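Below is one structure, written out as structure tokens, with a few remarks after it.
The analysis underlying the following values was restricted to heavy atoms, covering all of them including side chains, and did not include hydrogens, waters or symmetry mates. Everything numeric here is computed off the predicted structure, so don't read it as measured data.
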Amino acid sequence: MKVQKLKKSPIFINVGERTNVTGSARFKKLILNGDFSEALDVARQQVEAGAQIIDINMDEAMLDSEQAMVTFLNLIASEPDISRVPIMIDSSKWSVIEAGLKCVQGKAVVNSISMKEGKENFIAQARLIKNYGAAAVVMAFDEQGQADTCARKVEICTKSYEILVNEAGFPPEDIIFDPNIFAVATGIEEHNNYGVDFIEATRKIKETLPHAHVSGGVSNVSFSFRGNNPVREAMHSVFLYHAIQAGMDMGIVNAGLITVYSEIPADLRERVEDVILNRRPDATDRLLDIAAQFKGEKGVQLTEDLSWREKPVEKRLSHSLVKGITAYIEEDTEEARQKSGKAIEVIEGPLMDGMNVVGDLFGSGQMFLPQVVKSARVMKQAVAYLLPFIEAEKATSGEISTKGKILMATVKGDVHDIGKNIVGVVLQCNNYEIVDLGVMVSYDKILQTARDEKVDIIGLSGLITPSLEEMAQVAEEMQRQDFTIPVMIGGATTSKIHTAVKIAPHYDHPIVHVLDASRAVGVASNLLSKTHKQDFVAKISGEYQGLRAAHARGQKKKDRITIGECRDNKFPLDWDNYTPPKPSFLGVKSFDDFDLGKLVNHIDWTPFFRTWELTGHYPKILTDNVVGEIARNLFADAEAMLKSIQDEKWLTARAVIGFWPANAVGDDVMLYTDDSRKEILERVPFLRQQIRKREGSYNMCLADYMAPESSGKADYLGGFVVTAGLGIEEKLKEFQAKFDDFNDILLKSLADRLAEAFAEQMHEQVRKEYWGYAKDETLSNQELIRERYDGIRPAPGYPACPDHTTKPALFELLDGTNNAGVTLTDSMAMLPASSVSGYYFSHPKAQYFGIGKIGEDQLEDYAKRRGIDLKDARRWLASNII
């Protein structure tokens, strides 16, 4: 094996980046398919293209990463044309790194270690790396986060150097600092100096930390120009030109995609250099002005891709709308304005014509939701450009001609709006004017705004079950105040049957459930049609009347039993021969600024695609014959944003968990102040299934999984609150200011997935460490998604414990607001919306279930146990009452 000496040298060491499942789609596919021989060709191509070290990363949820790393490294060892260069073992998991170190030949490089988990862990890993004879990439990352300024980069690297050399005995020549290369030209002013910060930090590190080296992920700097390879190549070359002069020794970059600095077109080089060196405040805008003309593959300008620019402006606007292209929208909008004479005519003419094409394509299944949302972003930017002209003209025709005005609101107490926003975008794309009141909107504000704005339809949205009751109240108020406006109902917990039975009877005018965004246009169109409305409303009315009648008949036929009979048929567990495990601590433990990188591998992607109305299971959806291409594009956008979320700290994740001595008393779980179990800390009430079960099936209640007080067994209940949404509002405001619905919705949907992943991650740590009853658990992400683990984490407000009003007690026990940064609304929704809370049960036979409908006898019993008014219990459990 050829030895690369990491010493002071004018020669830049190029680290090939394509043998990385997180950075190369082709390599990832080959590894996932087990095609290691083809994957070796990727490594060989990197070496042939000039890579002097190859970075190998196998961090993928669908892989046994350790085994994949070992297999690939062993195969490389038998390939002389690859193994002649050193290996960089790249992983966020120490077990994968160590597995690689055990089998790699020659001197390896570990990527990476840092002080983000504290000094003790940092020293321990460094000593192990030293024992294996490897060098280490050391990230400028400590317990406060990644370094972004020059001062912080130098501070962390200096402290790391002193610890490594003086305390861990680590050879300074084996230290490779990575002071973090972040994206520039993002449109965010704070990012403009990131290139300069890295270059200047490199200069100071090389001057003050003897024998240490400097590396970095070069492709990060150009991330805002993804999809435009020529500009990205120019940015890499310019960045390296200056960083190498400052002392950068090596970098991770695609060896085959670096333009020679002197061969970059002069105009492009000047503007790229302005961006990298932050030489002028308009540097980003000036680079954007010329970026499109260089767009192509491998530096070749593909003029045929811009042939649409030769078409009339009306066709260009339509093309931009259909393709979601914002690069030329302002200049084309201005040309159309000059041609039309009045700004309003551009909106009513070519822009609406283009959106009609989008609407038709979406309606016919030729476009999908992610594409439509990008089209809406183009439309909004064009309208924003025209609005000042419309105001200035003060034209008598200042009202834009639309198909109708629709008010949309997430009802009081609810903070979830992804679905509402998607529906709004689709309606706008079909020439409906949207008045969006946002979230947590009271009925009086909804109705007053409806009057003031003279809207044609009111759209109500909600996710949590209390929202259903709030929607019914809106309907009651509309009836009382003599409204006649049609109402559309939507949201995850809503349904046609619930709308027909619980909401529509309160209002004498049309109330229609809308299943998803693809149906919204048809419903709105029919409700406002002069020719079809009467027949449509009559059809809906008849259908809902039939649903109510069938529901009433069904309730009479249901063979429900008394709550006493249900308790006699409780889930039987053998407590005599089972000893509940004791957690490693009692009380609460909080987690601040949890590493988002640890959550990504826990993401369940299937619900993410469903949010965007793409049907299919991940990863098969990526190769689906119908939606595969759209899913892949959306997934690429999601992965790119995830990288920005992590690298630029868009979001902060916090959590709190707790454990308390507990025993079941009937259908309640009693929590005690300590293990003496003499003083009750809290009563946690649960509901029980109340329908007659076939023989061998049981009327389940969560309290059944807790050792009864009468058993004499000491049991425990856990609780948690996690969030991945702290800081999201600031970023959303940036997107909203740019009329960027796509990234607004994308960020919200990713934050939701990260929150669910965080709940999964914390539950895994609870099972393996903090409760410790499954220390040897080894489950893949797919097995975790399928809930193959022991124990459950049911959430208040969901099927097994549908009462949201038990959340305040849980939050008080955990001090969830102070320890996790999560608050509750009056309707028990959590803020930030990307949050999850619940209980931990450890029994290996615990399983998830739904309570379903309960009878009056259980409702009265529950209200009495809770010590609350029967009316309040009925309101909060409305969707569960017969």
Side-chain angles (χ1 to χ4, degrees), residues 411-412 414 419 423 443 446-447 457-516 519-520 522-529 532-561 687 689-692 799 802-803 850-860 870-882:
V411 295
K412 179 183 175 183
D414 203 326
V423 170
Y443 70 80
I446 291 171
L447 301 188
I457 296 174
I458 292 176
L460 303 178
S461 175
L463 178 68
I464 60 176
T465 49
S467 300
L468 303 177
E469 187 72 12
E470 187 67 26
M471 291 176 183
Q473 187 172 359
V474 175
E476 288 178 9
E477 281 298 313
M478 292 183 71
Q479 179 71 22
R480 189 179 69 82
Q481 296 183 32
D482 298 324
F483 273 80
T484 60
I485 301 171
V487 178
M488 298 196 301
I489 299 291
T493 57
T494 64
S495 65
K496 184 185 289 187
I497 182 67
H498 183 275
T499 302
V501 174
K502 298 288 188 178
I503 303 178
H506 295 295
Y507 188 53
D508 291 340
H509 301 279
I511 292 184
V512 185
H513 179 256
V514 181
L515 182 62
D516 55 41
R519 319 294 174 90
V523 172
S525 175
N526 279 304
L527 286 175
L528 299 182
S529 170
H532 300 298
K533 178 180 178 179
Q534 187 173 350
D535 289 344
F536 176 74
V537 169
K539 178 183 176 183
I540 292 293
S541 179
E543 182 181 359
Y544 284 10
Q545 181 58 42
L547 287 171
R548 285 191 288 272
H551 176 75
R553 290 193 300 271
Q555 296 309 310
K556 292 178 182 178
K557 291 179 181 178
K558 294 289 185 185
D559 193 7
R560 286 188 170 80
I561 56 179
L687 292 164
Q689 293 175 328
Q690 202 172 354
I691 189 170
R692 188 180 299 280
D803 185 1
I851 291 296
K853 301 294 184 180
I854 64 172
E856 283 291 323
D857 58 344
Q858 182 169 192
L859 180 67
E860 292 173 7
L870 181 62
K871 182 180 178 181
D872 289 336
R874 189 183 307 281
R875 181 168 71 89
W876 286 100
L877 293 170
S879 60
N880 290 91
I881 298 172
I882 295 172

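By the ring-ring contact (aromatic ring centres under 6.0 Å, His included) test, Phe536 pairs with no residue at all, sequence neighbours left out.
In plain terms, the two heavy atoms of Ser529 and Lys533 that are nearest each other are O-CB, 2.9 Å. Nearest heavy-atom pair across Leu527 and Pro510 is CD2-CB, 4.0 Å. Considering all non-hydrogen atoms of both residues, Leu460 and Val474 come closest at CD1-CG1, 3.8 Å. Between His513 and Lys496, the closest heavy-atom pair is ND1-N, 3.6 Å. When all heavy atoms of Pro505 and Thr499 are compared, the closest pair comes out as CD-O, 4.3 Å. For the residue pair Val411 and Glu470, the shortest heavy atom distance occurs at CB-CG, 3.6 Å.
Note on Glu856 versus Arg874: salt bridge recorded, some NZ/NE/NH1/NH2 to OD/OE distance being below 4.0 Å.
For the pair Leu877 and Asp803, the minimum side-chain heavy-atom distance is below 4.5 Å. When side chains are defined from C-beta on, Pro802 counts as touching Leu687, because their heavy atoms get closer than 4.5 Å. Residues Leu447 and Ile458 meet the side-chain proximity criterion, which asks for heavy atoms closer than 4.5 Å.
Checked by atom type and distance alone, the side chain of Asn880 never pairs as donor or acceptor with a backbone atom of Ile854 at under 3.5 Å. Glu469 contributes no side-chain N or O that, together with a main-chain N or O of Trp876, makes up a donor-acceptor pair within less than 3.5 Å. When atom types are taken as modelled, the side chain of Gln690 and the backbone of Lys853 share no donor-acceptor pair closer than 3.5 angstrom.
Atom CD in Glu476 sits 14.0 Å away from atom CE in Met471 (nearest 0.5 Å). One finds the OG1 atom of Thr494 at 8.5 Å from the CG atom of Leu515 (value rounded to the nearest 0.5 Å). With rounding to the nearest 0.5 Å, the separation of CD in Gln858 from CD1 in Ile881 is 10.5 Å. We find the CE-OG1 distance between Met478 and Thr484 to be 8.0 Å, quoted to the nearest 0.5 Å. Note that CD of Gln473 is 12.0 Å distant from OG of Ser467, once rounded to the nearest 0.5 Å. We find the CG-NZ distance between Leu468 and Lys502 to be 10.0 Å, quoted to the nearest 0.5 Å.
Crowding of Glu860 atom CD: a count of heavy atoms from other residues, nucleotides or ligands under 6.0 Å exceeding 12.
Sequence neighbours left out, the pairs with a member in residues 464-508 that pass ring-ring contact (aromatic ring centres under 6.0 Å, His included) are Tyr507-His509.
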>> side-chain contact (heavy atoms from CB on, under 4.5 Å) for Leu870 and Leu859? Distances and angles first, verdict last.
In response: CA-CA 8 Å; Leu870 181 62; Leu859 180 67; 3.8 Å; yes
